[in-house]
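To start, the structure under review is shown below, and the notes come after it.
Protein chains get the first letters and strands the later ones, always in sequence-line order, with residue 1 at the start of each. From a predicted model like this one, the values you see are computed outputs, not experimental measurements.
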There are 2 protein chains.
Amino acid sequence: MRITYKGDYALKTILKLSINYGKVLSIHKLAKDLDIPVKFLEQILLELKRVGFVKSRRGKVGGYFLARHPSKIMLGEIIRFVDGPIEPIACINDNYRGCNDMYRCIFRDLWKKITEQTSKIVDNISFEDLRRRFTDKKFLAYTI
Amino acid sequence: MRITYKGDYALKTILKLSINYGKVLSIHKLAKDLDIPVKFLEQILLELKRVGFVKSRRGKVGGYFLARHPSKIMLGEIIRFVDGPIEPIACINDNYRGCNDMYRCIFRDLWKKITEQTSKIVDNISFEDLRRRFTDKKFLAYTI
DNA sequence: TTATACTCTACTATATTAATAGAAATTGTA
DNA sequence: TACAATTTCTATTAATATAGTAGAGTATAA
Ligand code: FES
Ligand code: FES
């Protein structure tokens with residue numbers, strides 16, 4: 001698993017929308033607060049909208065808001081959607097040319113184990129959990 | 001952590017040299033058995049040599065062999081050398097522009113935890129362990 | 001009507017990945 | 001010594017992924 005800038009931006013955006021659940025935030029506001037290039041965030045939000053993580057409202061007081069409650073959005077969902085599979089190597093899912101015999105590959109079990117451990121983290125933490133961490137720890141100075 | 005083809009090739013090459021510890025194997029032989037493009041493997045082996053994982057012998061009966069005993073080479077060493085840090089995101093090490101305040105970032109602890117768990121696997125398995133797995137499980141059909 | 005905001009398609013620049021090419025140097029052996 | 005097999009070294013390239021940028025169009029509240 002590798003988190004790109006795009007993924008990082010997406011996660012922070014969903015987190016900010018979770019913290020502000022119920023409100024509608026504009027791309028401009030999100031981009032400014034999170035220090036993300038506006039036009040890049042625009043694209044990311046459109047993708048997140050198409051697959052149903054967020055909804056939007058156009059016009060004067062428009063903006064974005066979560067389509068589901070933060071407790072129903074898992075960290076792993078966003079990661080997988082934006083940055084792809086969490087596996088450390090493609091061969092577990094895709095047709096990987098690297099292995100002579102993928103059913104006997106010594107490394108395969110290791111990649112699986114790493115994948116399982118990673119999944120146990122990212123698929124069991126919701127954005128509600130993250131939001132709570134945020135408020136509990138009183139990250140007052142943090143702009144998110 | 002993401003394992004590229006280059007990393008995959010390097011790991012399999014070191015494993016094959018571990019299984020054949022004591023022998024000298026030519027690039028040609030390694031490339032053919034492991035199904036790796038010869039000229040690509042050539043480059044990988046040169047890098048592995050420069051940093052001291054393998055040694056070589058030129059000339060007629062030349063080839064490559066391990067510079068240390070397989071028990072002294074950890075999986076994580078090769079991964080890090082060929083494919084870089086095992087962290088899922090660069091911000092833990094490098095200067096990452098993504099975070100407004102990296103000391104308060106909610107995600108940071110998660111990336112650290114994932115890194116630690118991954119390290120616990122790749123930094124505690126030597127190529128001697130992998131070689132033993134190979135022979136124990138009697139992967140007779142496997143060409144490695 | 002207008003200002004503000006989302007929508008959509010296309011384009012671009014840079015870096016990474018996965019090789020490929022070819023000439024030079026070394027070494028065992030016939 | 002000649003030669004064949006092998007490593008060494010530097011450069012180049014093709015394809016893909018990453019991280020944006022540009023601009024015209026559509027919707028909505030006031
Ligand atoms: S490396 Fe994935 S099956 Fe071999
Ligand atoms: S994502 Fe790494 S410090 Fe925020």
Side-chain angles (χ1 to χ4, degrees), chain A residues 1-13 17 23-32 34-51 53-65 67 79 81-85 88-91 94 96-98, chain B residues 1-13 17 23-32 34-51 53-65 67 79 81-85 88-91 94 96-98:
Chain A
M1 182 177 72
R2 204 183 120 233
I3 309 294
T4 64
Y5 272 90
K6 189 179 175 185
D8 182 44
Y9 293 161
L11 294 175
K12 283 169 183 162
T13 300
L17 290 175
K23 291 184 201 163
V24 176
L25 304 183
S26 73
I27 296 178
H28 188 78
K29 164 84 174 157
L30 287 164
K32 194 187 152 203
L34 300 174
D35 196 30
I36 302 171
V38 179
K39 296 296 278 183
F40 196 15
L41 182 57
E42 182 187 304
Q43 281 192 46
I44 296 169
L45 279 167
L46 277 174
E47 288 184 42
L48 289 171
K49 183 190 172 179
R50 281 188 196 113
V51 82
F53 288 117
V54 301
K55 290 183 176 175
S56 66
R57 224 173 104 182
R58 291 167 82 149
K60 189 113 186 191
V61 291
Y64 283 89
F65 53 98
I79 292 175
F81 174 66
V82 177
D83 281 335
I89 188 168
C91 62
D94 304 344
Y96 190 72
R97 313 187 316 278
Chain B
M1 180 177 73
R2 205 182 120 234
I3 309 294
T4 65
Y5 272 90
K6 189 178 176 186
D8 183 44
Y9 294 161
L11 294 175
K12 283 169 182 160
T13 301
L17 291 175
K23 291 184 200 162
V24 175
L25 304 183
S26 73
I27 295 178
H28 188 79
K29 164 84 173 156
L30 288 165
K32 194 187 152 204
L34 300 175
D35 196 30
I36 302 172
V38 179
K39 297 296 277 185
F40 196 14
L41 182 57
E42 182 188 305
Q43 281 190 47
I44 295 168
L45 279 166
L46 276 174
E47 289 183 42
L48 289 171
K49 184 190 171 178
R50 280 188 197 113
V51 81
F53 287 117
V54 301
K55 290 183 176 175
S56 67
R57 224 173 102 182
R58 292 168 83 150
K60 189 115 186 186
V61 291
Y64 283 89
F65 53 98
I79 293 175
F81 175 66
V82 178
D83 281 336
I89 188 168
C91 63
D94 304 343
Y96 190 72
R97 311 190 316 280

Select one nucleotide: of dA29(D), dC9(D), dA19(D), the one nearest the side-chain heavy atoms of T4(A).
-> dA19(D)
Hey, does the side chain of S26(A) come within less than 4.0 Å of dT4(C)'s phosphate (OP1/OP2), counting only N and O?
-> no
Please determine, for the side chain of K39(A), which listed nucleotide (dT7(C), dG23(D), dT4(C)) has the closest atom?
-> dG23(D)
Can you tell me how far C1' of dA19(D) sits from CD of E42(A), to the nearest Å?
-> 15 Å
dT10(D) C1' sits how many Å from E47(B) CD, rounded?
-> 14 Å
May I have the distance from L48(A) (atom CG) to dT7(C) (atom C1'), rounded to whole angstrom?
-> 15 Å
Minimum-distance pair of heavy atoms, taken over all atoms of I44(A) and Y9(A) = CD1-CB, 3.9 Å
Separation of dA18(C) atom P from L41(B) atom CG, nearest Å, is 14 Å
Evaluate the side-chain proximity of T13(B) to L45(B): yes if any heavy-atom separation is below 4.5 Å, no if none is.
-> yes
For the pair made of NE2 in H28(B) and P in dT8(D), what is the distance, rounded to whole Å?
-> 17 Å
Taking all non-hydrogen atoms of both residues, which atom of G7(B) and which atom of D83(B) are closest, and how far apart?
-> CA-OD2, 3.3 Å
Which residue lies more 5' along DNA chain D, comparing V61(A) with G62(B) via nearest heavy atoms | G62(B)
Would you say a side-chain N or O of Y9(B) is under 4.0 Å from OP1 or OP2 of dT17(C)?
-> no
Kindly point out which of dA19(D), dT7(C), dG28(C) is positioned nearest to the side chain of L46(A)?
-> dT7(C)
Here the distance between atom C1' of dT7(C) and atom CG of L45(A), to the nearest Å, is 12 Å
Lys/Arg N to Asp/Glu carboxylate O, R50(A) vs E47(A), below 4.0 Å | no
Classify the nucleic acid contact of G59(A) as base, sugar-phosphate or nothing, counting any heavy atom under 4.0 Å across all strands shown.
-> base
Hey, does I27(A) reach any base, or is it just sugar-phosphate, or nothing, if we go heavy atoms under 4.0 Å?
-> sugar-phosphate
To the nearest Å, give me how far apart CD (Q43(B)) and C1' (dT10(D)) are.
-> 10 Å
Rounded to whole angstroms, how far apart are CZ on F65(A) and C1' on dA5(C)?
-> 14 Å
Go through dT28(D), dG20(D), dA19(C) for me and flag the one nearest to the P37(B) side chain.
-> dA19(C)
Quick one: which of dT21(D), dG28(C), dG22(C) gets closest to the side chain of F40(A)?
-> dT21(D)
Side chain of R58(B) - closest among dA19(D), dT7(D), dC6(C) = dT7(D)
What is the distance from atom CG of L41(A) to atom CG of L48(A), rounded to the nearest 0.5 Å?
-> 8.5 Å
Taking all non-hydrogen atoms of both residues into account, name the closest pair between Y64(A) and L17(A) and its distance.
-> O-CD2, 3.6 Å
Looking at the side chain of Y5(B), which of dA19(C), dT7(C), dA29(D) is the nearest nucleotide?
-> dA19(C)
Where the side chain of K6(B) is defined as all heavy atoms beyond and including C-beta, which of dA18(C), dC8(C), dA5(C) is the nearest nucleotide?
-> dA18(C)
